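Heads up: the structure comes next, in structure tokens.
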There are 2 protein chains.
Amino acid sequence: MQLQKATDTAKRSYNDACGAAHALDLAGERWALLVIRELIFGPKRFSDLRADLPGISANVLTQRLEGLEAAGVLLRRRFPPPAATQVYELTPWGYEAEPIFVALGRWAARSPAHDPTLPLSAVSLMLSFRTMFDATRADGFKARVGFRLPRDGFVARAAKGRLRIRREEPREADVDALLAGPPPAVAAAAYGGVPLDQLETDGLLGLTGDRALAARFLSLFLLPPKAVAAPGVAD
Amino acid sequence: MQLQKATDTAKRSYNDACGAAHALDLAGERWALLVIRELIFGPKRFSDLRADLPGISANVLTQRLEGLEAAGVLLRRRFPPPAATQVYELTPWGYEAEPIFVALGRWAARSPAHDPTLPLSAVSLMLSFRTMFDATRADGFKARVGFRLPRDGFVARAAKGRLRIRREEPREADVDALLAGPPPAVAAAAYGGVPLDQLETDGLLGLTGDRALAARFLSLFLLPPKAVAAPGVAD
DNA sequence: CGGCATCCGGGAAGATACTG
DNA sequence: CAGTATCTTCCCGGATGCCG
């Protein structure tokens with residue numbers, strides 16, 4: 001019975017030529033954009049996606065992956081002989097979705113209801129760096145900072161007022177400083193004003209390398225001021 | 001029972017500090033972002049929102065307006081005595097959502113499945129101008145172009161490689177050219193390569209003022225090339 | 001007529017259990 | 001590990017009706 005869906009129910013769409021509406025047709029279902037977000041620094045396996053998206057259920061993740069694959073946003077890749085594992089990877093066009101997350105993040109950071117102390121995935125933390133990077137503050141600053149987060153590592157390179165971030169295991173010899181710990185602890189240092197020393201003595205964060213440089217690096221990211229809850233419309 | 005929240009209305013949330021996730025908590029429900037889109041050039045009434053969002057039902061629109069008001073994205077304004085009408089208007093922070101639509105639009109325009117011939121609201125058309133504006137093409141070009149669209153008018157001002165658009169009734173004396181017609185017809189001229197002359201003789205578009213300037217203006221907007229459906233993974 | 005509440009059917013999301 | 005199967009719950013969309 002449910003096979004007959006192609007004709008009468010033409011795949012719930014906004015039927016709107018507006019680009020934003022089409023984007024939501026492709027990725028507007030619950031969890032879809034967050035699945036893309038988790039893949040923005042490179043491929044992941046099904047179980048990693050589940051772990052990094054707490055709350056998503058397996059069947060919903062399966063549906064989203066199918067839908068996004070059909071939309072051309074991502075594809076699944078099999079590794080041939082020994083590692084029979086399978087990963088999901090964004091297509092080149094899928095990777096171009098990053099500005100969407102930057103725009104969403106910049107806007108939501110000013111929401112009166114935004115709570116930066118909630119859980120945070122490793123990808124979200126790195127994405128927040130790309131979102132909140134202050135180019136003028138970084139002027140003339142050059143640094144390579146490594147991150148060892150629960151599931152994977154990243155290396156952030158600040159230079160010439162730009163910030164590049166790649167997912168790769170940081171080697172101590174290749175970076176100026178290395179931070180190890182869960183993403184919320186790093187966020188507390190960058191956005192919460194918690195001193196690195198305190199996080200270290202509390203056992204939340206490990207730091208090796210140039211301590212002052214690490215602090216300077218973390219000061220490059222500023223949450224924008226919150227919008228007023230009630231705007232100034234005289235009444 | 002074992003879950004959190006004594007109040008059973010636990011308000012489904014991603015529970016994620018990531019800005020993008022919070023943005024979706026606020027405006028990720030169906031139609032919510034499109035409601036914001038329709039208000040991005042100024043306040044509208046309930047019935048205008050319904051008319052410009054074909055497919056939305058009254059109760060869903062009511063729910064979205066309530067939710068967005070509670071989130072501080074918009075507010076409802078009453079006009080006192082004579083005009084007992086009521087309008088919905090974005091808060092200052094709500095207006096800051098525009099980059100989200102630009103990012104979504106830029107990305108979706110490259111979707112293999114994007115169909116620019118679908119219906120288009122007046123706001124979507126103007127937003128597409130702001131999204132697809134090519135600053136280098138507009139270098140040294142200065143123009144004021146008015147639009148008379150079904151429900152309301154707009155004036156676009158290109159100058160110094162920038163484009164400003166305001167919702168206001170265009171007066172012939174104040175603009176260099178004036179286009180009148182339904183949004184899809186204007187879109188056909190800007191993006192579909194349909195000559196203005198043809199749209200005029202077909203009765204789809206009315207044009208007064210500087211014809212060459214209007215054509216030049218419409219050439220400032222270019223849809224990006226579509227992404228390849230299947231990326232270069234050898235198979 | 002504009003701005004909602006209410007009821008209902010279908011379908012999507014969420015939780016859990018199960019299978020290759 | 002990578003999903004599928006099943007069941008329940010909730011949301012979306014349409015219709016109707018109230019009320020200013």
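Letters go in sequence order (proteins before strands), and every chain restarts at 1. Computed from a predicted model, the values in this text were never measured in an experiment. Reckoned from all heavy atoms, side chains included, excluding hydrogens, waters and symmetry mates.
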Out of C:dC4, D:dC1, D:dC12, which has the shortest distance to the side chain of B:T62? C:dC4
Nearest-Å distance for atom pair CD/P, residues B:E66 and C:dC4: 7 Å
Once you round it to whole Å, what is the distance between P of C:dT19 and CZ of A:F46? 18 Å
I want to check one thing: is the phosphate of C:dA12, taken as OP1 and OP2, less than 4.0 Å away from some side-chain N or O of A:W31? no
Taking NZ, NE, NH1 and NH2 as the nitrogens, is one of them in A:R37 or B:D16 under 4.0 Å from a carboxylate oxygen of the other? yes
Can you figure out which of D:dC10, D:dG13, D:dT4 approaches the side chain of A:A58 most closely? D:dT4
Whole angstroms only, please: what is the CZ-C1' distance between A:R64 and D:dA2? 18 Å
I'd like to know if A:R157 pairs up with A:E168 as an ion pair, taking the criterion as any Lys NZ or Arg NE/NH1/NH2 lying under 4.0 Å from an Asp or Glu carboxylate oxygen. yes
A:Y14 has an atom OH; how far is it from atom C1' of D:dC12, in whole Å? 11 Å
Would you mind reading off the distance between A:L61 atom CG and C:dA13 atom C1', rounded to a whole angstrom? 13 Å
Are any non-hydrogen side-chain atoms of A:P116 and B:H22 less than 4.5 angstrom apart? no
Is any NZ, NE, NH1 or NH2 atom of the basic residue among B:R148 and B:E169 found under 4.0 Å from an Asp or Glu carboxylate oxygen of the other? yes
Quick test of your reading of the model: are A:D174 and A:R144 salt-bridged, counting only N-O distances below 4.0 Å? no
Just how far, in rounded Å, is P of C:dC7 from CD of B:Q63? 14 Å
Taking only side-chain N and O atoms of A:R76, does any of them lie within less than 4.0 angstrom of OP1 or OP2 on D:dG3? yes
Stems of at least 3 consecutive Watson-Crick or G-U wobble pairs (donor-acceptor distances under 3.5 Å) involving DNA chain D, listed by first number, are C:3-20 with D:1-18
Show the numbers, then the answer: is there a salt bridge (Lys or Arg N to Asp or Glu O under 4.0 Å) between A:R151 and A:E38? CA-CA 12 Å; A:R151 204 174 319 290; A:E38 284 304 318; over 6 Å; no
CG/A:L125 to CZ/A:R130 distance, rounded to the nearest 0.5 angstrom? 13.5 Å
Nearest-0.5 Å distance, CG of residue B:L34 to SG of residue A:C18: 7.0 Å
Hey, does A:R45 reach any base, or is it just sugar-phosphate, or nothing, if we go heavy atoms under 4.0 Å? sugar-phosphate
Name every residue in residues 21-30 of chain B that has at least one heavy atom under 4.0 Å from any atom of DNA chain D, in order of residue number, or write none if there are no such residues. B:E29, B:R30
Separation of C:dA12 C1' from A:I56 CD1 (nearest whole Å): 13 Å
Heavy atoms only, 4.0 Å cut-off, all strands: where does A:S57 land among base, sugar-phosphate and nothing? base
Report, one pair per line, the protein and nucleotides 18-20 of chain D atoms (nitrogen or oxygen only) whose separation is under 3.5 Å.
none

Kindly say whether the aromatic ring centers of B:F154 and B:F147 come within a distance under 6.0 Å. no
Does a side-chain N or O of A:T85 approach OP1 or OP2 of D:dA2 to a distance below 4.0 Å, or not? yes
Output, in order, the C-alpha distance, side-chain angles, deciding distance and verdict of side-chain contact (heavy atoms from CB on, under 4.5 Å) for B:M126 and B:L149. CA-CA 10 Å; B:M126 293 298 131; B:L149 306 173; 3.8 Å; yes
For the pair made of CG in B:D52 and C1' in C:dG2, what is the distance, rounded to whole Å? 16 Å
Would you call B:R110 and A:E96 a side-chain contact if the rule is heavy atoms closer than 4.5 Å? yes
No-H, no-angle donor-acceptor pair, A:N59 side chain to D:dG3 base, under 3.5 Å: no
Distance under 6.0 Å and angle within 45° of ring axis: A:R76 vs A:F46: no
Determine yes or no for a side-chain-to-main-chain donor-acceptor pair under 3.5 angstrom, with A:K44 supplying the side chain and A:D52 the backbone. no
Looking at A:Y88, I'd like to know whether one of its side-chain N or O atoms comes within less than 4.0 Å of OP1 or OP2 on D:dG3. yes
Please confirm whether the shortest side-chain N or O distance from B:R12 to OP1 or OP2 of C:dG14 is below 4.0 Å. yes
